[in-house]
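The model shown is predicted, which means the values in this text are computed figures rather than measured ones. Just so it is clear: chains get the letters A, B, ... in the order the sequence lines come, proteins before strands, and each one is counted from 1.
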Amino acid sequence: MAGIFGFYAFGEGRENWDSKRFIYYGLSSLQGRGQEATSFAVYNYEFNSLIWISGNGFVEDLFEKIKQEDVKGFLGIGQVSTDREDYVIRVDEPVSLALVGDGKPALHESRQTAFQIFAEKLSEELDEQKDPIDAIKKIIEQTKGGYSFIALTKDQKMICGRDIHGIKPLEVGAIGFDIGAVASESSALDVIGAEHSGYIKPGEVVVFDPLSICRKCFFKNRTAYCSFEYVYLARPDSYLNSIPVSKVREMIGKRLVQENPVKADVVIGVPDTAIPFAMAYSEHSGIPIKLGFTRTGRHIRSAIKPSQFERIVGVQLKLNPIRASIDGKDVVLIDDSIVRGNTLRNTVYNLKRKGAKKVHVRVGSPPLIAQCPFGTEVPREDELIGKALSNDEIAEIIGADTFAYLSIDGLVDSIGLPKNSLCLGCFTGNYPEGSL
Amino acid sequence: MKIMGVGNAAREHAIAEALERSEHHPKIFWLAEIRNPGIFGICKRTGGDFTLSKTTEPEKVANYAERWRVDFVIIGPEEPNFHGVPDELEKRGIPCVGASKDLAMIEMSKADMRRLQWEYGIKGKLLFKTFKSSQDAYIVLERYSDTLTWLQNVALKPARQAGGKGVKVVEDQQLYLHDEKQRFKSRHADWLEDYMKSYSDIDDKILVEEKVWGPEYTLQCFTDGKSVKGMPLVQDNKHAHEFDIGTETGGMGSISGPDFNLPFITKEEYDESLEIVKSLVQAIQDKTGKSYHGIVAGQMMLTEIEGPTIIEMYSRFGDPEALNVLSTLKTDFIDICLAILDGELSKLNIEFDKKATVVKAIAPKGYPDYRELAKNHPVFIDEKEIEREGCKLYWGSADLSEDGKILSAGSRLVEILAIADDMQEASRMVDNCIPYVKLLDGWGLFYRSDIGSYELLSKRIDVANRVRRLYHYRREKGILGKRIDWLPKVGKTDPVALLKNELSKSKGDG
Ligand SMILES: Nc1ncnc2c1ncn2[C@@H]1O[C@H](COP(=O)(O)OP(=O)(O)OP(=O)(O)O)[C@@H](O)[C@H]1O
Ligand SMILES: [Mg+2]
């Protein structure tokens, strides 16, 4: 998985903008979508060429390393990724271009190779077709999978698009009379001070060139937005496809109360993603919410760290229970998702050691039972606890008194779109028709 | 009856068409700087004449009016007003629908318009400062936390109406991006200084204005100097590209209706806006001792500070806004012109169809900032097909040559209008016409598909609702228009008082 961002300055005087700091803050706000690699490319006016910069680690790690003066350009794209060495794609011939992508085109097992193939095809089609719109139409038509992308060509075009189902998001914003910006999430637009103006539609292509923005939607009515974005991946301050993420999470909290009510003294949420669920759970159950944990260190998203070891270390570093909130109490613990159960077992154990009498676990998403073919790192199926065990068995294993997931209908209702407009693949094993 | 018009954009095509529709069946004569095929056709059809001429030289224009013995003249664009064309016509006893030079000051000098507004205490004001050079402006633009809040978030403009060009709005809210924004502000101040060198008719060069946010709308009015009559509200879209991205243009398209007002402006706000325009007309008449006969418009924004607020004034119809109102005008346009000239406007009942209208401009790539690129491309338009789609074509920046070829002239090539029961329908109708407009040499055209769409309209409504809550709250608390700052070492500071002080001082000096 990745977070992607694009910056495009228009009009006379556009050379006066430097995209670098906008990319820096844009990507920083998307850091939750990938923390293993950061990279970007800018178009440099003086040299009439693209400049590529990449490195493993966080956004700030990379930016600390570069010499600011050397990297300047009023057009730029960037990416953060969950895989090391997963950088901006570079193609030199026939059309020189850089490409960032979220999700995965169904062109190869590896996300990076898949986008490499995608970018090479794009380069060739751009060379052959007169109109870039035709070029990209052909590629989207031929390329299954769930992906969104932003490409920057040496002839100053920024080409953005989404697969025909719109599985992965792509939002658009503007600054003044000067700048257009594109990002995986609208929060990145807020952070750079842009006005969020809308989203690129499923199967839509938007081409920025120095003189215009051209927009075409070829494949209508096949929407299948990634539902995991709303539960877990996206930031709560984002709007995706014009749906506010935080609203969905509130609905989920409410739904958890309705689906599996329980008597308890206090509600606590696992930071950060589950906090909105917990707040809404408290509001609708009447059980007071308390601060359950304090985090140590950077916000490391535990479900997307590569190895099991890191996941446990990550979570222990992350969450120290606040004893006064739970000591002697029946606790409802809300989490966002459960993969192998390690994280939750540790958390429940820690809560009980610090004095919780009972721990009722509620998870704000349905059980993960299948792989994501679109690049979200869901562990192998034989590592998914939800696929193998019942709620009671899971409760027993993680040491909880009761355990319940959100139902699939609960999730669908919370997002507020019809079931067939969503990709629920990781929860059902069924993927949007024609996406594989 | 014989009427002469001046100007050559789509707005003037719409004016010519409204004249042609009249029961007076006039012969229509026109002066223009390029041969607009639409206006040219109307002149020929009605037995009038069309001549190429400079339109900003009062003598020349008046000579033609005399030669053709027209009953009255109507001026389309602003520059003839700024150059005193109506004044010369009046001197020679030829009636003219158009603001005379002194009155047109409310449009020509954005700075003087604001001064007038502050002097007469007219609502809908913004804080501003003017500069003669970018050097002077730097001092103000480069400061951050130790300066008045409004100076961080500014609109930078040419102090003169300069053909819908050169405005930048820079919101410098994120300290972490301040360096970028500040550099951009200073560079743009340089650009403005340079750009304004071509205008010698004004002292102020650079206008720095408080940046506000909210939905924009244009209120166009007829006035005979005594009464001011508002037309249906129209919203123009200034950004060149989809998603409200990109360069400022003269306007890429406009919407109106279905019911006189816009869906995101209340009746109360309409009335208040009309009051503001009226007060400005009164103020400029009072100041100059002249009587305003023509069109006046407020280009406005609903703001959190004061509700309906003036961004700038027009001494003419807006383009494309003229198309929305003139195409739905039920009253005879010539009757209106005569009433304007005779000072009888209050007696006339002016009516419009209760329909939604959408106009979209189509421009060659290169417009607005690189107009040389947008020029001289051969044009082909299938007018029959556009008619079949139920739409109307208005020619804009297009030049009909002697041999019948039409070449693009660098600005908005054509504007297409649709009238329907609701906006989305009208928007779709216009979109269907886009393929019928082509440049024969393959050069690209662009337009905005999103104007009039459900998405964009919802966005406008959402913004309007947020702004409305804020200014209503201010109204309840009695703090409309109030701003207050705290500056280190200075303490509480009232930027309004500061501005008023400055204005009265400079008036004393002057
Ligand atoms: N004070 C302001 N705050 C926020 N936005 C502003 C402000 N002033 C201008 N703008 C924006 O810039 C646009 C152009 O400004 P303005 O109308 O003053 O310039 P113009 O170049 O004369 O335009 P026109 O094309 O209408 O002649 C406005 O429509 C508005 O969107
Ligand atoms: Mg304007």
Pick one of side chain, backbone, both or neither for Val169(B), based on which atoms fall under 4.5 Å of a heavy atom in chain A. both

Where does Arg215(A) contact chain B at under 4.5 Å (heavy atoms): side chain, backbone, both or neither? side chain

When you measure from the side chain of Tyr367(B) to the backbone of Leu211(A), do you find a donor-acceptor pair of N or O atoms at a distance under 3.5 Å? no

Ignoring hydrogens, what is the shortest heavy-atom contact between Gly176(A) and His239(B)? Give both atom names and the distance. O-CE1, 3.0 Å

Tyr24(A) versus chain B, the contacting section by heavy-atom distance below 4.5 Å: neither

Scan for salt bridge (Lys or Arg N to Asp or Glu O under 4.0 Å) pairs involving residues 243-252 of chain B, sequence neighbours excluded, and state none if there are none. Asp244(B)-Arg448(B), Asp244(B)-Lys459(B), Asp244(B)-Arg460(B)

Heavy-atom pairs under 4.5 Å with chain B: which of Gly180(A), Gly198(A), Ala194(A), Gly11(A) has the most? Gly11(A)

Hey, which of His188(B), Glu242(B), Lys181(B) has the most heavy atom pairs under 4.5 Å with chain A? Glu242(B)

Side chain, backbone, both or neither: which part of Asp131(A) has a heavy atom under 4.5 Å from chain B? neither

For Phe243(B) and Ala174(A) the tightest heavy-atom approach is O-CB, 4.2 Å

Does this structure show an ion pair linking Arg183(B) with Asp18(A), if we count only N-O contacts that are shorter than 4.0 Å? no

CD (Glu195(A)) and CD (Glu171(B)) are apart, to the nearest 0.5 Å, by 8.0 Å

Within this structure, what is the NZ-CG distance for the pair Lys185(B) and Asn16(A), rounded to the nearest 0.5 Å? 14.0 Å

Kindly indicate whether the side chain of Ile245(B), heavy atoms from C-beta on, has any atom under 4.5 Å from the side chain of Val172(A). yes

Closest heavy-atom contact between Gly246(B) and Phe10(A)? CA-CD1, 4.1 Å

Any carboxylate oxygen within less than 4.0 angstrom of a Lys/Arg side-chain nitrogen, looking at Lys201(A) and Glu455(B)? yes

Where does Leu373(B) contact chain A at under 4.5 Å (heavy atoms): side chain, backbone, both or neither? side chain

Salt bridge present between Asp179(B) and Arg21(A) (N-O < 4.0 angstrom): no

For the residue pair Tyr176(B) and Tyr25(A), categorise the inter-ring angle as parallel (less than 30°), tilted (30 to 60°) or perpendicular (more than 60°). tilted

Using a cut-off of 6.0 Å, state whether more than 12 heavy atoms not belonging to Lys247(A) lie near its atom NZ. no

If you count every heavy atom of other residues, nucleotides or ligands that lies below 6.0 Å from Phe446(B) atom CZ, does the total exceed 12? yes

Quick one: closest heavy-atom pair of Val191(A) and Leu177(B), and the distance? O-CD1, 4.4 Å

Between Trp191(B) and Glu12(A), does any side-chain donor sit less than 3.5 Å from a side-chain acceptor? yes

Please find the pair of heavy atoms, one from Val167(B) and one from Phe177(A), that lie closest to each other, and give the distance. O-CD1, 3.4 Å

Just verifying a value: how many Å separate Ser19(A) OG and Glu180(B) CD, rounded to the nearest 0.5 Å? 9.0 Å

Could you check whether atom NZ of Lys65(A) has more than 12 heavy atoms from other residues, nucleotides or ligands sitting under 6.0 Å from it? yes

With a 4.5 Å heavy-atom cut-off, do Gln174(B) and Ile192(A) have their side chains touching? no

